[in-house]
Amino acid sequence: MESLIDLDYNSDDLCIYLYLINSIIKEKDFKPYFYVNSTDKEQILEFLKDYEKKHKLDSEISKMIENIETVKKIVFDENYQEKELSKVTVKYPNNVKTVREILMEFERLYEYDIPFVRRYLIDNSVIPTSTWDFENNKKIDNKIPDFKTVSFDIEVYCNKEPNPKKDPIIMASFSSKDFNTVVSTKKFDHEKLEYVKDEKELIKRIIEILKEYDIIYTYNGDNFDFPYLKKRAESFGLELKLGKNDEKIKITKGGMNSKSYIPGRVHIDLYPIARRLLNLTKYRLENVTEALFDVKKVDVGHENIPKMWDNLDETLVEYSHQDAYYTQRIGEQFLPLEIMFSRVVNQSLYDINRMSSSQMVEYLLLKNSYKMGVIAPNRPSGKEYQKRIRSSYEGGYVKEPLKGIHEDIVSMDFLSLYPSIIMSHNLSPETIDCTCCSDEENGENEEILGHKFCKKSIGIIPKTLMDLINRRKKVKKVLREKAEKGEFDEEYQILDYEQRSIKVLANSHYGYLAFPMARWYSRDCAEITTHLGRQYIQKTIEEAENFGFKVIYADTDGFYSKWADDKEKLSKYELLEKTREFLKNINNTLPGEMELEFEGYFKRGIFVTKKKYALIDENEKITVKGLEVVRRDWSNVSKNTQKNVLNALLKEGSVENAKKVIQDTIKELKDGKVNNEDLLIHTQLTKRIEDYKTTAPHVEVAKKILKSGNRVNTGDVISYIITSGNKSISERAEILENAKNYDTNYYIENQILPPVIRLMEALGITKDELKDSKKQYTLHHFLK
DNA sequence: GATTATCGGGG
DNA sequence: GTGTACGATAATC
């Protein structure tokens, strides 16, 4: 009776370790297996023997086989009929790869690429992160176990890109309920400081501290903190034996992103979670902190770290600890939801943390197909994948917006439009144009975009969705009952997280059908889903306009509208009353699961083009969609202008003021009043200078830096200013120190106008009009 | 308009 | 590790 926190195959012990909080269970009985499309056991063995002979192997392959037995399964690509095939069980997980490569030549294989531990969780009922009775193999309760959690963050002394070969780790910050400490290799006067004499001691201390905890939160620790720590540790001859059983940390490099896995503990990297669950334009720690807690975190600014360190500035300790503190808080915020995902999908917390929602859906489907005795379709081949990636189809309906500024806007949207469609029409890769329904039956079957769907049995996608929806309904019923009784206890919170995680999973099924890597991929089902979705939203817009709304803009499953009749000016209260009335009417006509609901009221909004708009609500909260171009490579002058223009439009509702912001900035630029620092454009050198085929400003600047005797490395961010002259833009790019002037015209045309021009054009203001302050400017200039 | 290149998070 | 797993947007053709 203990909580299962993590699982891993231990290659020394040759079995799966089930890590509980205080102990380890060794699972020795579960063996790796896959299926062969053949019932002839002898023939399979024969084929392997032939292979051994041909390659002069001494029965090495046959030795890997533990057992071959005939099983009955429903096979997806054989008309979904039950048929017999062979289950080949091998001795060790890495045997699968060897044996399958050989047998691929023999016959079609199935389920040959499911990682061993994940296979274990698909086939067995044990649920990660829940409290489990291993004797009787059942769940004890729903509670979230009392995990010991800590956040972890390192600081590095460096002036450019951190280089683990030379730049030392100088500090490590930790934050947990009862431990808030910054371990440092320099003595600062700060209450949270713990001094160690050098970097080697620091690394030893980090290991010692992390080993106290079950869950370790980082922010981008997969890609930065752990790989960096490991490299530094190696240079001191230290190993990161962070595992529960002193196993080494496993850092896997997968193309761009790495993963840092600690056996027996859970390393939760909050960066990928924030990207998955929040909808922000930027995902720096400070952005996430602000979005979740409405707190503006003071950022150290990595370029200041060496200075502060050298000057023994103790605010460095405070700032550094702040990062750990907020990482911990973000972790506590997201952990329950991740735990619920882990339980519903039935995969480990570590894996869930790094899965996209489509991957979660796939593992849910694998679990269900296993239960249903269905063999999963294979993942696409490289060729098939390329084909899928290239095939596109019509997406959701997006209405061309009524351009300009609008006031008193209500938005309404469909509650899970696509899941409802998939369920009510039984859309699934195996139900589409099924062969099991006879022609007569199919005669009455409705045809959608030239396809018919099975009437006899429910497809795996709608079935999985229905299970989720029913489970969510049950949970929501309990929640309602508890709410009525005022029982907002721990159980209530857990159930609430459960229904939220189910909602996310349900809403991911449509995306899964169109996910090119999906086993149950179906372009046709995805296309039909959006097709039907377009019908519903268009019909609803029609109804809304008949009722008296004017629909300003619509996208896929929702729309923004105002009251149409300008003579009949409604108060906010009246508008919301009308909205309620309309929703009640429309929801009576919609089928089963489908429901249109009120989403929000906005006092003002500006609509530019499809997918590009901004709104402000009653609390002055601004929502911007598709308009933001604020990336780190843009200059400050550009970012600020955009921000000020949006404020003028939304907060003041003044086109004139917005116009003035732009014209003033242009004036300042022409007048040479803009600070050179605000003109810096930042671009990263992503490859070696000699590898660039095209000329780009930052590459040219890098060459100049090199010529002046300084070093430039791949990964460095080059900051430059475009100076005036007649040569090409690239040749005129200079670093701050060498920039004697700047190209006014370049900044107006390429930095000031692009982010705001579409905004202003939607309001009927032309580019020329914005730039035409030139005459006024010269006049002013000379008058002054 | 379609294809290709770049960036993100961390310091 | 029984894993070939990004996705949005700007620049360029």
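Each chain gets a letter, A, B and so on, in the order the sequences are listed, and its residues count up from 1. Atoms considered below: every heavy atom in the structure, side chains included; atoms not considered: hydrogens, waters and symmetry mates.
The existence of a salt bridge linking A/Lys297 and A/Asp323 is confirmed by a sub-4.0 Å separation between a basic side-chain nitrogen and an acidic carboxylate oxygen. Salt bridge annotation for A/Glu286-A/Lys296: absent, with no cationic side-chain nitrogen under 4.0 angstrom from a carboxylate oxygen. A salt bridge links A/Asp113 with A/Arg519; the closest basic N to acidic carboxylate O contact falls under 4.0 Å.
For A/Lys97, the listed nucleotide lying nearest its side chain is C/dG3; candidates were B/dG11, B/dG10, C/dG3. Checked against C/dA5, B/dG9, B/dG11, the side chain of A/Asp153 finds its nearest nucleotide in B/dG11. Picking from B/dG11, C/dT2, B/dG10 the nucleotide with the shortest atom distance to the side chain of A/Glu155 gives B/dG11. Of the candidates C/dA5, C/dT2, B/dG11, B/dG11 carries the atom nearest the A/Asp323 side chain, counting heavy atoms from C-beta on. Checked against C/dG1, B/dG11, B/dG10, the side chain of A/Arg284 finds its nearest nucleotide in B/dG10. Of the candidates C/dG1, C/dA5, B/dG11, the closest approach to any side-chain atom of A/Thr252 belongs to C/dG1. The side chain of A/Gln359 sits closest to C/dG3 out of B/dG11, C/dG3, B/dG9. Here B/dG10 is the nucleotide among B/dG11, B/dG10, C/dA5 with the atom lying nearest to any side-chain atom of A/Leu285. Relative to the side chain of A/Glu161, the nucleotides C/dT2, B/dG9, B/dG11 differ in distance, and B/dG11 lies closest.
Note that the CG atom of A/Leu14 and the OH atom of A/Tyr92 stand 5.0 Å from one another [nearest 0.5 Å].
Rounded to an integer number of Å, the gap from A/Asn257 CG to B/dG10 C1' is 12 Å. Rounding to whole angstrom units, CD of residue A/Glu247 and C1' of C/dG1 are separated by 15 Å. Spacing between atom CG of A/Leu229 and atom C1' of B/dG10 amounts to 14 Å, rounded to whole angstrom units. Between the NZ atom of A/Lys231 and the C1' atom of B/dG10 there is a distance of 13 Å, given to the nearest Å. Spacing between atom OH of A/Tyr261 and atom C1' of C/dG3 amounts to 15 Å, rounded to whole angstrom units. Rounding to whole angstrom units, OH of residue A/Tyr217 and C1' of B/dG9 are separated by 19 Å. Distance, A/Asn159 CG to B/dG11 C1': 11 Å, rounded to whole Å. At whole-Å resolution of the value, CG in A/Asn353 and P in B/dG9 are 17 Å apart.
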message = Run A/Tyr217 and A/Tyr219 through ring-ring contact (aromatic ring centres under 6.0 Å, His included) and show every step you take.
response = CA-CA 7 Å; A/Tyr217 300 122; A/Tyr219 199 82; over 10 Å; no

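Here the separation of C/dT2 from C/dG7, taken at their P atoms, is 24 Å to the nearest Å. Between C/dA10 and C/dA5, the distance separating the two P atoms is 27 Å to the nearest Å. If you take atom P in C/dT9 and the same atom in B/dG9, they sit 13 Å apart, rounded to whole Å.
Each of A/Tyr350, A/Tyr17, A/Tyr19 was evaluated against A/Pro263; a single residue qualifies, A/Tyr19, per the side-chain contact (heavy atoms from CB on, under 4.5 Å) test.
Between A/Met104 and A/Tyr112 there is a side-chain heavy-atom pair separated by less than 4.5 Å.
Listed by residue number, A/Tyr271, A/Arg275 are the residues of residues 266-278 of chain A with a heavy-atom contact under 4.0 Å to DNA chain B.
Backbone-only contact: A/Ile305 has heavy atoms under 4.0 Å from sugar-phosphate atoms and none from a base. Within the 4.0 angstrom heavy-atom criterion, base atoms lie near A/Asp113. In this structure, A/Tyr283 reaches the sugar-phosphate backbone alone: every heavy-atom distance under 4.0 Å involves primed, P, OP1 or OP2 atoms, never a base. Among the protein residues, A/Tyr219 comes within range of the sugar-phosphate backbone only, with heavy atoms under 4.0 Å from sugar or phosphate atoms but none that close to a base. When heavy atoms are screened at a 4.0 angstrom cut-off, A/Gly221 is found touching no nucleic acid atom at all. Counting any heavy atom pair closer than 4.0 Å across all strands shown, A/Val156 reaches sugar-phosphate atoms only and no base atom.
The side chain of A/Arg118 places no N or O atom within less than 4.0 Å of a non-bridging phosphate oxygen (OP1 or OP2) of C/dT2. Look at A/Arg100 and you'll find a side-chain N or O under 4.0 angstrom from OP1 or OP2 of C/dG3.
Within 6.0 Å of NZ on A/Lys610 lie more than 12 heavy atoms contributed by other residues, nucleotides or ligands.
Of all heavy-atom pairs between A/Asn353 and A/Arg276, the closest is O-NH1, 3.5 Å.
At a cut-off of 3.5 angstrom, the base of B/dG11 holds no donor-acceptor pair with the side chain of A/Glu303.
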